[in-house]
Amino acid sequence: MDVTTRIALIPGDGAGPEVMAEAEPLLDWARDRGRRLDVVRLPFGAEHFLATGETLPETAFAELRDGADAILFGAVGDPRVPDGRHAEAILLRLRRELDLVVNFRPCQPLPGTGTEGLHLEVFRENTEGAYCLQGSTEPGRAVDLAVHTEVAVRRLLEAAFTRAEERGCPLTLAHKANVLKHGHGLWMRVFQDLRGAFPQVPARGMHADALLCALVQDPAPFGVIAADNYLGDLISDLTAAFAGGMGTAPSLSWAPHRPFRCAALAEPVHGSAPDIAGKNLANPVGMILSTALLFRHLGWEPEARAVEQAVAAAMCDGAKTHDLGGSLGTAAMGWAIRERLP
Ligand code: NAD
Ligand code: IPM
Ligand code: MN
């Protein structure tokens, strides 16, 4: 049996390649510790699209689906592609067609960010809802549909309930079922159903608007928050703010039912940050912590923990990029973390 883990790297656009350059050495480090892994670097992103017209070619997609175990992703988005069509054809397609229903976005407690003791995790549905990309623009009228399926909603909520049960913490479902009667009505029915299956999890639904206010006022009582794709996108940028902002927030997406070989994608929550890209200003912590989440997903718990501890140790010693009021550049921050690895 082939026990080599194949990881595909897609650095993408803007700050994506800069933060990826600080995550890639962690793969070499894991290999040096005895993990068997192969790495393949893929060029897809705006530059490649503008030069070749290609977004994510079919052959590359099939190789990722059938030949890779996981994807490490930087970010996509480039002002030269204003309609973001390559982002849709690369990132949103991978999430959707690899069935990466669960997008896990933890707010990791980090020294010096005021999050010490906070343990908040967002479970975002990652493949459908308002991201079904169905709609139309007509004169004087525009339509964006949101499609929710029971299969995906159940998979996402089962993952969120399971995690809340494991942690012994409450679960809150963010919804707007008072308005979105059909789509969020479905979420409420599945949620109700699963409450029966997880009687020990204190679970409640909350209108997303009220939830956001309560979250800003006091995030401590929230353990796990589950949400659809659109609300989860918004909520996870807010929770990122608790742990230092966009530069530090990690995420991991996976397919709980694993129909494909490639069933995980790790990426920071942030985008390509065009305002700071190319200036050695991007914080690599979100990308590095995403790599740790991937290590954990692969069963490499000691490596995952070592990376998280190295980030915490570096920040505890005052290593910080500009977004956190420090003076380190992207590469220096990456090095400050790596030199604290065992
Ligand atoms: P963004 O996350 O790129 O940037 C928002 C703000 O956060 C900016 O001020 C930026 O400088 C800052 N920031 C982001 N990453 C940072 C980092 N690592 N270190 C320090 N500061 C950081 O969001 P945006 O400006 O709304 O979007 C820019 C582009 O990225 C758009 O094309 C958007 O569609 C795309 N995007 C992609 C992803 C992704 O690939 N997963 C996620 C979000 C946005
Ligand atoms: C994210 C991003 C993406 C999303 C964009 C780039 C399509 O904001 O990963 O959070 O909306 O999911
Ligand atoms: Mn987002």
Side-chain angles (χ1 to χ4, degrees), residues 10-23 44-47 49 55-56 71-96 100-105 110 113 122-133 144 146 227-241 243-253 265-291 311 315 320-334 337:
I10 305 181
D13 305 332
E18 293 175 74
V19 294
M20 182 66 85
E22 304 314 313
F44 307 117
E47 201 64 52
F49 171 59
T55 52
L56 178 62
I71 301 169
L72 204 50
F73 199 95
V76 274
D78 188 302
R80 293 170 300 168
V81 190
D83 65 3
R85 77 175 77 164
H86 71 301
E88 202 175 298
I90 302 170
L91 181 59
L92 297 188
R93 179 177 181 201
L94 288 170
R95 290 176 182 171
R96 193 177 56 247
L100 302 167
V101 169
V102 179
N103 182 212
F104 172 63
R105 296 188 158 189
L110 291 171
T113 60
V122 176
F123 279 72
R124 168 192 183 189
E125 199 289 321
N126 208 29
T127 60
E128 53 178 43
Y131 286 63
C132 67
L133 307 179
D144 283 307
D228 79 357
N229 209 341
Y230 187 40
L231 289 178
D233 182 41
L234 306 183
I235 294 168
S236 58
D237 269 29
L238 176 66
T239 55
M246 294 314 296
T248 59
S251 90
L252 180 78
S253 304
L265 184 152
E267 56 173 328
V269 171
H270 68 74
S272 55
D275 52 336
I276 57 165
K279 298 179 181 162
N280 195 30
L281 287 174
N283 191 339
V285 165
M287 183 79 237
I288 287 172
L289 290 175
S290 302
T291 311
V311 169
M315 290 183 65
K320 280 183 189 152
T321 43
H322 294 261
D323 52 315
L324 296 182
S327 58
L328 295 185
T330 309
M333 186 67 198
I337 293 166

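One is the number of the first residue; the rest follow in order along the sequence. Start at 1 and go down the list; that is how both ligands and their atoms are numbered.
Between Ala15 and Ala273, the shortest heavy-atom contact is CB-CB, 4.1 Å. Closest of all the heavy-atom pairs between Thr330 and Asn280 is N-OD1, 2.9 Å.
For the pair Met315 and Leu324, the minimum side-chain heavy-atom distance is below 4.5 Å. Pro274 is listed as a side-chain neighbour of Pro79, based on a closest heavy-atom distance under 4.5 Å. Between Leu100 and Asn126 there is a side-chain heavy-atom pair separated by less than 4.5 Å. Side-chain contact between Met333 and Glu22 is absent, with no heavy-atom pair separated by less than 4.5 Å. For the pair Val102/Phe123, a side-chain contact is recorded, criterion being any heavy-atom separation below 4.5 Å from C-beta on. By the 4.5 Å heavy-atom criterion applied to side chains, Ile288 and Val311 are counted as neighbours.
Counting only heavy atoms, the protein never gets under 4.0 Å from atom 26 (O) of ligand 1. For atom 3 (O) of ligand 1, the protein comes within 4.0 Å by at least one heavy atom.
Scanning the protein for heavy atoms near atom 11 (O) of ligand 1, the closest one is Asp275 OD1, 2.8 Å. At the shortest separation from atom 32 (O) of ligand 1 among protein heavy atoms lies Gly77 CA, 3.2 Å. Regarding atom 41 (N) of ligand 1, its nearest protein heavy-atom neighbour is Glu267 OE1, 3.1 Å. Of the protein's non-hydrogen atoms, the one nearest atom 28 (C) of ligand 1 is Pro274 CD, 3.4 Å. Here the heavy atom of the protein found nearest to atom 21 (N) of ligand 1 is Ile276 CD1, 3.5 Å. Nearest protein heavy-atom contact of atom 29 (C) of ligand 1 is Ser272 OG, 3.2 Å. Atom 18 (N) of ligand 1 has as its closest protein heavy atom Asn283 O, 3.0 Å.
Distances between N or O atoms of Met246 and those of ligand 1 include no value under 3.5 Å. Taking any N or O of Gly271, backbone or side chain, at least one lies under 3.5 Å from an N or O belonging to ligand 1. An N or O contact shorter than 3.5 Å links Val76 to ligand 1 by distance.
Contacts of Thr321 with ligand 1, taken as heavy-atom pairs under 4.0 Å, are absent altogether. Residue-level proximity to ligand 1 for Ala87 is absent, since no heavy atom of it falls below 4.0 angstrom.
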Query - side-chain contact (heavy atoms from CB on, under 4.5 Å) between Leu72 and Thr291, intermediate numbers included - result: CA-CA 7 Å; Leu72 204 50; Thr291 311; 3.8 Å; yes
Query raised in the report: What do the steps show when you test Glu88 against Leu133 for side-chain contact (heavy atoms from CB on, under 4.5 Å), and what is the final call?
Result: CA-CA 9 Å; Glu88 202 175 298; Leu133 307 179; 3.3 Å; yes
Requested in this report: Please step through side-chain contact (heavy atoms from CB on, under 4.5 Å) for the pair Arg124 and Arg105, ending with a clear verdict.
Outcome: CA-CA 8 Å; Arg124 168 192 183 189; Arg105 296 188 158 189; 3.3 Å; yes
Query - Test log, rule side chain to side chain donor-acceptor pair (under 3.5 Å), inputs Ser272 and Asp13 - result: CA-CA 6 Å; Ser272 55; Asp13 305 332; 5.6 Å; no
Query - Verdict with reasoning, Glu267 to Arg95, per side-chain contact (heavy atoms from CB on, under 4.5 Å) - result: CA-CA 11 Å; Glu267 56 173 328; Arg95 290 176 182 171; 2.9 Å; yes
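Annotation: Arg80, atom CZ; neighbour count of heavy atoms from other residues, nucleotides and ligands within 6.0 Å is above 12.
Distances from the Mn ion (ligand 3) to the N/O/S atoms of Asp233 are shortest for OD1.
Asp233 and Tyr131 form a side-chain donor-acceptor contact under 3.5 Å, judged by distance and modelled atom types alone.
Those atoms of ligand 1 with a heavy atom of Ala282 less than 4.0 angstrom away are 18 (N), 19 (N). In summary, the atoms of ligand 1 found under 4.0 Å from a heavy atom of Leu91, numbered by their order in the structure, are 39 (C), 40 (O), 41 (N). Annotation for ligand 1: atoms under 4.0 Å from non-hydrogen atoms of Val269 are 42 (C). Less than 4.0 angstrom separates some heavy atom of Ala75 from each of these atoms of ligand 1: 40 (O). Atoms of ligand 1 found under 4.0 Å from any heavy atom of Asp323, numbered from 1 in the order shown, are 20 (C).
Taking the six-membered ring where tryptophan is involved, the planes of Phe49 and His86 are essentially parallel, since the angle between them stays under 30° and well short of 60°.
Which of Ala273, Ala277, Ala249, Gly244 comes nearest to atom 13 (N) of ligand 1 through a heavy atom is settled by distance: it is Ala273.
At distances below 3.5 Å, not a single donor-acceptor pair connects side-chain atoms of Glu18 with backbone N or O atoms of Ala21.
Not one N, O or S atom of Asp237 sits under 2.8 Å from the Mn ion (ligand 3).
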Pairs under 3.5 Å, N/O atoms on ligand 2 and on the protein: can you put them in a table with the distances?
residue	atom	partner	partner atom	Å
ligand 2	8 (O)	Asp233	OD1	3.4
ligand 2	9 (O)	Arg95	NH2	2.7
ligand 2	9 (O)	Arg105	NH2	3.0
ligand 2	10 (O)	Arg105	NH1	3.1
ligand 2	10 (O)	Arg105	NH2	3.1
ligand 2	10 (O)	Arg124	NH1	3.4
ligand 2	10 (O)	Asp233	OD1	2.8
ligand 2	11 (O)	Tyr131	OH	2.6
ligand 2	12 (O)	Arg95	NH1	2.7
ligand 2	12 (O)	Arg124	NH1	3.2
ligand 2	12 (O)	Arg124	NH2	2.8

